[in-house]
Each structure stands twice: as structure tokens, then as C-alpha cells.
Amino acid sequence: MTENVIRRRALRIEQNPKIPLYLFALEAGEVDLVADVARISRDEAGKLLGYQRPEKRQHVKQILEYLDGDDVLFPNGLILALPAAVRFKGSRGPNPSDGLATIGTLEIPLPASPEEPRPALIVDGQQRSLALARTRNSKLPITVAGFVAEDLDIQRDQFLRVNTVSPLPGNLVSELLPEVNTQLPTKLSARKLPAILVNALNQDSDSPFKGLIKQASTTASKKSEAVVKDNSLLQAITESLSGSGVLFPYKNLSSGTTDTAIIRNILVVYWTAVKDTFPEAWGLAPTQSRLMHGIGIRSMGRLMDRVMERVLFSSDINSDDAYSRVMAELSLIKPHCHWTEGRWPEINYSWNELENVGRHINILSNYLIRVYRESRMSTS
């Protein structure tokens, strides 16, 4: 009976006492036995699973063509998250360690049957791993760095960090950021709060955006319903969190805390009122409704700062009249909007000529804000 374990000579790197780190080698054909890819998705309850982007077939094909050649040098290693079940035995004899690394043998348990999950997950090198699993050169030694961590938070944190040179798709980063609880680089940290809010808007039952936001985990069967690109909403929220935005006062810069619940409620109340003010334009594909298009989201996001500033001056966002106040404010611009047909007369654009580019966003948002202010003045 074959023992279900792979043994390899390894170096244990003395880097973090809480997270063992090993350097070792696997045969190309063994990678598929040891490691799996944690694809990003969501379960039925909306919980985020995994962190890896889809397979890039052309990229995998190019790697495979090289691996199947006669003169192969493949120093590009893999980074694996190993299970706690791995065992390391330091070598006997003098000087097994130099203070930086200890030489020994690493034992990786394998599943008893093909139906059982593989013990490790690929943190970096999934395209390479797919090619390695298919190459004819199955005995080719492959360098591996493996750290012991079954906690998805740690795996996602490392996944984001090792992919900073070759940037990950923006929507993948945005969806992963709310799930990472470790200290992030400054640029990623600044993107975390907007990402948390977008995730909430796509998942919460009281949100008008529930199921409408296209994210990295959106399945093919749901893509026809997900009509709003997450990046448009992320940018709108990021602008409103800046110094001149209506969401900025809910960030405490001195303590580094944020009243996320209040910010979420402001967004839900405002965008629910937008949905109910323009029901004929809500939930349609961007080709059918410019309200769901990037330019609609960005322009109405800028209008939100003006509308909600006025509403919040005299109403608590959790009060019963906050929603009706927002509806009353939006009614001032409703007759002037052409999201699904017609022409915006003053700015001289047909409804479907407006695109999600800086110039058009500035023109439309300026127009909406101007109409809103003039309408307010004429009714006061």
C-alpha cells in the first residue's frame, strides 16, 4: 500500500515564528496532486470564497509550449499556502541551521482519494501551475515557497501583496479588500472602505443595488442581472469620501475610525430614492439606460453630495422622513433627465451619446447640479 505523503528536502526559513515558511521542490506532475486553485466566488449566503481570478488560457498555452520543449529552464516558482498537517523534521548532525534557515525534510500529506480536496492552495502562480499539470515534462523540478496558513485572511493578504508588480484586475482587488484584516499598503488601504461599502450595497437586502453590481465573483448566470460596474460605484463613493464630499465628516481622521453604518445608510437612502424617482431607468443594461451606465452613477453620485448635505442638515438619516426628503429633492431634477430616450437639450447630447469619460461626466454632473440649485431657488 502506497503511503499518501510526499517527502522533500526543504529549508525552513526563520522569518515569522507564527507562520512557518519552507523552500523546497516538487516535480511538475506533483503540483496538481498537492495544490488546488481557490477560485473567487460567493456561496448562496453571499459569503466570499477564494481569491483567484479565472484561468487565462492563452497565457497557460504559452507556458505549456515552453515546458514541453527540450531545453527548459524554469526558475519561476510557485507560492503555496500549506495545511497545518505538514511536518518538518530538521536534519541531524552538526550545523543544520545557520540562523537564517534550517535544513530538513518536509512531509506533505496527500488526499486518500481523488474526490478529497488537495492539501495546499496556490497563492501565486496559478497559470504556471495549470501548465505544469499538463506538461509532458512531468519530472521537471519546480521551486516552491510554502507558508503554513489555513486562514483565508492571511492567504488573501499575501495574494494581494505578491501581485503588485503585475496588477490584478481592479474588480478582483476591490472584492478581496474587505476580507483582508491585516495591515495593508497605503494605496490598498485607501481603497478598502469604498470596497466594503460596494460589497454591502451588492449584498444587503435593503439596498437598491442588491445583485445589480458586477464583481469578480459574479457568475455567468448572474451577469445579465448585474448591470452596474463596481468601479463606477467605487469611484463615486471615493469622491464623496474626499474632503468636499457629504460622506467625509463620518471619517474621524484623528482616531482613524469611520462610522461605516451611517455612511452605508446614507448611500442606501439616497440610491433607493434615485431608483424610485426613475423606476423606468433602473435595473436596465447600460445600453438601455444611462442611469445604470458609468456616467449616470458618477454624475448622480456627485449630485448626492449636494442633495444629502441639505437633507442631513435637518433630518437624521435613520428617521422616517429622510427618504421622503430625498425624494422631494430629486423631484426637482426629474423633468430634466433623459436616461433612456430623448435628448438632453441644454448640453446638446442624445441620451445614448453620453459616455463614461471625464469630459462627459463633468458636463452631465455640472448640468444636474446647476438644474438642482436653480430649481431650489425658484421654489424657495
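If you're wondering where the values come from, they're calculated on a predicted model, not measured in any experiment.
Inspection of the N137 and T135 side chains reveals no N or O donor paired with an N or O acceptor under 3.5 Å. Checking R9 against S91 by side-chain atom types alone, a donor-acceptor pair falls below 3.5 Å. Judged by distance alone, the side chains of T102 and E14 do bring a donor and an acceptor atom under 3.5 Å apart.
We find that R306 and E329 are not joined by a salt bridge, their nearest charged nitrogen and carboxylate oxygen being 4.0 Å or further apart. Under a 4.0 Å N-O distance rule, the pair R134/D68 does not qualify as a salt bridge.
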Exercise for the section: Could you give me the CA-CA distance, side-chain angles and deciding distance for E353 and R343, then say whether side-chain contact (heavy atoms from CB on, under 4.5 Å) is met? Expected result: CA-CA 9 Å; E353 289 177 343; R343 192 172 190 85; 4.1 Å; yes
Problem - Check against ring-ring contact (aromatic ring centres under 6.0 Å, His included), H338 and W344 - result: CA-CA 6 Å; H338 302 274; W344 298 78; 5.8 Å; yes
Practice task
Any chance you could lay out the side-chain contact (heavy atoms from CB on, under 4.5 Å) test for W282 and W339, step after step, and finish with the verdict?
Solution key: CA-CA 9 Å; W282 193 263; W339 300 117; over 6 Å; no
Exercise for the section: Could you go through the side-chain contact (heavy atoms from CB on, under 4.5 Å) check for Y349 and L364 one step at a time? Expected result: CA-CA 10 Å; Y349 280 96; L364 183 58; over 6 Å; no
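In this structure the side chain of R302 reaches within 4.5 angstrom of the side chain of I361, judged on heavy atoms. Residues L73 and Y66 meet the side-chain proximity criterion, which asks for heavy atoms closer than 4.5 Å.
L80 approaches A35 most closely through the heavy-atom pair CD2-CB, 3.8 Å. Across all their heavy atoms, N356 and S232 have their closest contact at ND2-OG, 3.9 Å. Summarising the geometry of L33 relative to P119, their closest heavy-atom pair is O-CD, 4.0 Å, with the distance given to 0.1 Å. Nearest heavy-atom pair, K210 versus Q203, reported as atom, atom and distance to 0.1 Å: NZ-O, 3.2 Å.
Without hydrogens or angle criteria, R118 side chain to V34 main chain gives no donor-acceptor distance under 3.5 Å. No side-chain donor-acceptor contact under 3.5 Å links D204 to the backbone of D206. Without hydrogens or angle criteria, K229 side chain to G294 main chain gives no donor-acceptor distance under 3.5 Å.
No more than 12 heavy atoms of other residues, nucleotides or ligands shown are found within 6.0 angstrom of CG on D320. Atom CD of E280 has more than 12 heavy atoms from other residues, nucleotides or ligands within 6.0 Å.
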